[in-house]
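Following: one structure in structure tokens, then a few remarks.
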Amino acid sequence: MLDLRRIRSEPDAIRAGLSRRGADLALLDRVLELDERARAVGAEVDDLRNQVKTVSKEIGELFKAGQRDEAEARKAESKRLGDREKELAAAADGLQADIRDALLRIPNVPSDDAPDGASEADNVVLRTHGPGPDTFADHQRVPHWDIGTELGIIDGERAVKISGSMFTMYRGWGARLLRAMIGHSLDASADPANGAVWEEIRPPTLVKTDTMIGTGHLPKFEDEAYHVERDDLWTIPTAEVPLTSMAADEVLDWDTLPVRFTAYTSCFRREAGAAGRDTRGLLRSHEFDKVELMGYADGAEQAIALQEEILARSEQILQDFGLSYRILDLCAGDLGGSAARTWDIEAYAPGVGEWLEVSSVSWFADYQARRANVRWKRAGEKGTQVCHTVNGSAMGWPRTVAALLETHRQPDGSVAIPEVLQPRLGGATHIPAA
RNA sequence: GGAGGGGUGCCAGAGCGGACGAAUGGAACGGUCUUGAAAACCGUCGAGCCUUCGGGUUCCGCGGGUUCGAAUCCCGCCCCCUCCGCCA
């Protein structure tokens with residue numbers, strides 16, 4: 001969420017920023033108004049509490065001095081003050097809750113560097129890597145769902161049978177390929193033998209409501225997540241959720257920043273608004289695998305450097321796999337609610353003839369960290385500061401698998417395995433043709 | 001799931017309902033001493049909110065209650081530990 005003090009001190013700048021993403025400004029005005037009232041009531045409550053404490057202390061002293069009658073007499077006064085205090089305190093608490101409620105629903109202010117624009121049509125292509133869309137041969141222009149069925153490595157039908165539509169299943173070479181790809185990504189970032197400095201995490205995939213609030217996935221998007229009602233737990237839509245809340249309510253030592261985490265998890269999305277879209281193949285599923293890179297930083301400079309590092313890592317993986325991709329700079333209007341700046345990576349899938357979003361690399365400034373209450377402090381110095389968070393996928397696997405199968409399909413129907421993955425697949429160079 | 005024990009500051013660990021934001025010890029930081037270091041000694045040493053910058057206020061797992069007054073009493077919940085049960 002946004003810093004309330006900043007909303008107070010520079011409301012116009014925030015209004016302008018939020019307008020760039022087309023956000024509703026009514027909540028902002030509401031916060032401003034509630035805050036003014038809350039502070040007035042709060043001051044009064046503090047004052048009354050002070051009086052109650054003072055009188056109570058005096059009563060205690062009177063008792064000790066043996067002046068019982070005098071003490072009893074003053075109880076009434078304290079009681080009256082106390083009752084009034086309780087009344088006002090309840091009002092103050094209500095106001096505070098309302099403020100937080102509104103604050104949680106106000107999106108982040110886009111970075112000045114994020115391009116103007118209202119929708120995905122206005123996103124800016126920063127660069128493209130690898131052969132372009134029209135350079136692919138006919139044997140590569142087969143959709144991955146056909147390749148998957150032909151080679152027996154993706155079994156959509158069985159997945160539908162056991163779980164319903166928009167679930168997928170990998171089999172045989174498909175499952176092994178997926179596992180190899182995940183392993184490659186994880187080892188690239190977390191294996192000390194590669195000089196890796198990212199700590200690998202295997203977090204829980206079921207989390208509490210507060211954890212979902214921390215990253216901004218609640219309260220606004222409850223329809224997008226699966227909720228296990230009986231235990232009031234949510235299935236994570238991305239490892240970003242548990243990773244960002246790992247340091248919730250903690251004060252990190254400045255020396256340890258930036259903190260770098262990578263994690264592989266299943267991700268669950270109800271895809272509430274997407275019923276009927278992309279139901280074939282691997283483009284959109286309720287459950288999918290993803291490797292995430294996530295970091296905590298001490299401020300904008302460090303955070304943006306880390307965001308660039310994550311982007312570079314993700315790009316490297318696509319290069320390792322020999323895939324064509326492009327980098328998009330999301331415009332203010334297409335930014336996720338928590339993000340200040342986002343770069344999407346889209347891999348080209350010649351079979352479906354589309355650029356597929358396989359990664360989203362975002363800088364959240366202090367928006368998430370303030371929600372999750374993650375701060376840092378320099379040893380020996382006074383005061384704490386709110387961290388910045390960044391994260392990005394490396395990668396969202398189903399679409400990466402799709403792009404890989406299509407890109408590396410050979411004229412004979414087999415699929416060439418990228419060299420970096422071969423050691424993980426027993427040295428195999430191809431997924432054999434049917 | 002059952003029985004018992006416990007949750008206090010960076011850590012350890014006290015705390016008859018009024019003197020407690022909290023003893024004491026350790027760590028850390030600053031200083032004195034020293035050629036330097038250690039030791040010793042002195043001092044500092046949690047976070048949030050509001051502020052007319054004097055200060056005020058909140059927080060002793062979380063929430064509620066009793067009371068003029070709660071870290072201390074009562075109720076509910078959560079978490080941790082031990083034992084039993086169940087289990088990949």
Side-chain angles (χ1 to χ4, degrees), chain A residues 1-9 31-104 202-214 228-234 242 245-257 259 266 298 366 369-387:
Chain A
M1 59 193 164
L2 299 176
D3 183 2
L4 185 54
R5 269 174 299 195
R6 192 170 147 223
I7 292 179
R8 239 158 23 212
S9 63
V31 165
L32 248 13
E33 182 207 316
L34 288 172
D35 175 51
E36 202 166 318
R37 280 162 55 195
R39 276 190 297 159
V41 177
E44 212 173 327
V45 170
D46 279 1
D47 185 55
L48 281 166
R49 279 198 181 128
N50 185 12
Q51 293 185 48
V52 171
K53 281 173 81 166
T54 306
V55 174
S56 293
K57 197 165 283 187
E58 286 167 9
I59 291 171
E61 277 156 15
L62 285 171
F63 271 121
K64 233 164 285 170
Q67 301 172 262
R68 302 195 63 88
D69 296 343
E70 187 68 19
E72 290 295 340
R74 300 212 61 188
K75 276 191 185 181
E77 179 190 355
S78 182
K79 174 91 175 146
R80 187 171 46 75
L81 287 166
D83 287 346
R84 175 78 182 134
E85 180 262 319
K86 267 176 201 132
E87 215 174 286
L88 281 177
D93 287 351
L95 286 167
Q96 292 298 348
D98 290 347
I99 289 170
R100 183 173 166 81
D101 226 54
L103 234 31
L104 286 177
R202 187 31 269 228
T205 36
L206 247 36
V207 299
K208 298 182 198 173
T209 299
D210 279 348
T211 308
M212 289 286 277
I213 289 175
V228 184
E229 272 182 47
R230 186 167 173 155
D231 299 289
D232 193 19
L233 291 169
W234 302 77
S245 285
M246 269 179 68
D249 297 318
E250 291 185 27
V251 179
L252 303 177
D253 195 338
W254 179 76
D255 294 334
T256 65
L257 298 173
V259 171
S266 268
D298 66 3
D366 57 7
R370 182 167 288 106
R371 282 169 165 257
N373 192 26
V374 183
R375 294 164 295 166
W376 63 267
K377 181 182 194 307
R378 194 176 261 164
E381 284 184 12
K382 249 193 122 52
T384 57
Q385 296 203 50
V386 181
C387 283

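So that the names make sense, note that chain A is the first sequence line, chain B the second, and so on, each numbered from 1. Below, each value reflects all heavy atoms present in this structure, side chains not excepted, and no hydrogens, waters or symmetry copies.
The gap from the C1' atom of B/G18 to that of B/U72 amounts to 11 Å, rounded to the nearest Å. Going from the C1' atom of B/G43 to that of B/A47 covers 22 Å, rounded to whole Å. Using atom C1' as the reference point in both B/G25 and B/C73, the two lie 30 Å apart (nearest Å). A gap of 22 Å separates the C1' atoms of B/U58 and B/C77, to the nearest Å. Using atom C1' as the reference point in both B/G85 and B/C10, the two lie 39 Å apart (nearest Å). Distance noted for atom P between B/G26 and B/A40: 8 Å (whole Å). Comparing B/C81 with B/A12, their P atoms sit 15 Å apart, to the nearest whole Å. Comparing B/U8 with B/C41, their C1' atoms are spaced 30 Å from each other, to the whole Å.
For B/U67, neither phosphate oxygen OP1 nor OP2 lies less than 4.0 angstrom from any side-chain nitrogen or oxygen of A/S56.
One N or O on the side chain of A/R371 and one on the backbone of A/I213 form a donor-acceptor pair closer than 3.5 Å.
Contact check for A/E36 versus A/E33: no side-chain heavy atoms found under the 4.5 Å cut-off. Under the 4.5 Å side-chain criterion, counting only non-hydrogen atoms from C-beta, A/D298 is not in contact with A/Q385. The closest side-chain heavy-atom distance from A/D69 to A/E72 is not below 4.5 Å.
Rounded to an integer number of Å, the gap from A/D210 CG to B/C79 P is 13 Å. Atom CZ in A/R80 sits roughly 14 Å away from atom P in B/G69 (whole-Å rounding). A straight line from CG of A/D232 to P of B/C77 spans 16 Å, rounded to a whole angstrom. Atom NZ of A/K86 and atom C1' of B/U67 are 8 Å apart (whole Å). Per the geometry, CZ belonging to A/R230 stands 13 Å off C1' belonging to B/G1, to the nearest Å. We find that CG of A/D93 is positioned 10 Å from P of B/G63, with the value rounded to whole Å. The CD atom of A/E250 sits 16 Å away from the P atom of B/A47 (whole-angstrom rounding). If you take NZ of A/K64 and P of B/G69, they are 17 Å apart, rounded to a whole angstrom.
Residue contacts shown for A/R74 are absent, as no nucleic acid heavy atom lies under 4.0 Å away. At a threshold of 4.0 angstrom between heavy atoms, the contacts of A/K377 are confined to the sugar-phosphate backbone, with no base atom among them.
Base pairing analysis places B/C41 opposite B/G31; the two distances defining the Watson-Crick or G-U wobble pair are each below 3.5 Å. Remark: B/C83 base-pairs with B/G2. Criterion, Watson-Crick or G-U wobble with two distances under 3.5 Å. If you check B/C10 for Watson-Crick or wobble pairing at under 3.5 angstrom, you find it paired to B/G26.
Between A/E70 and A/R74 there is no salt bridge, since no side-chain nitrogen of the basic residue lies less than 4.0 Å from a carboxylate oxygen of the acidic one. In this structure, A/E87 pairs ionically with A/R84, as a charged nitrogen and a carboxylate oxygen lie closer than 4.0 Å.
Anti is the conformation of B/G6, whose glycosidic angle sits further than 90° from 0.
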Between A/F63 and A/R68, is a side-chain contact (heavy atoms from CB on, under 4.5 Å) present by the stated rule, with each step listed? CA-CA 5 Å; A/F63 271 121; A/R68 302 195 63 88; 3.8 Å; yes

How does protein contact run along nucleotides 49-57 of chain B, one letter per nucleotide 5' to 3', with B for base contact, S for sugar-phosphate only, - for none, heavy atoms under 4.0 Å? SSS----BS

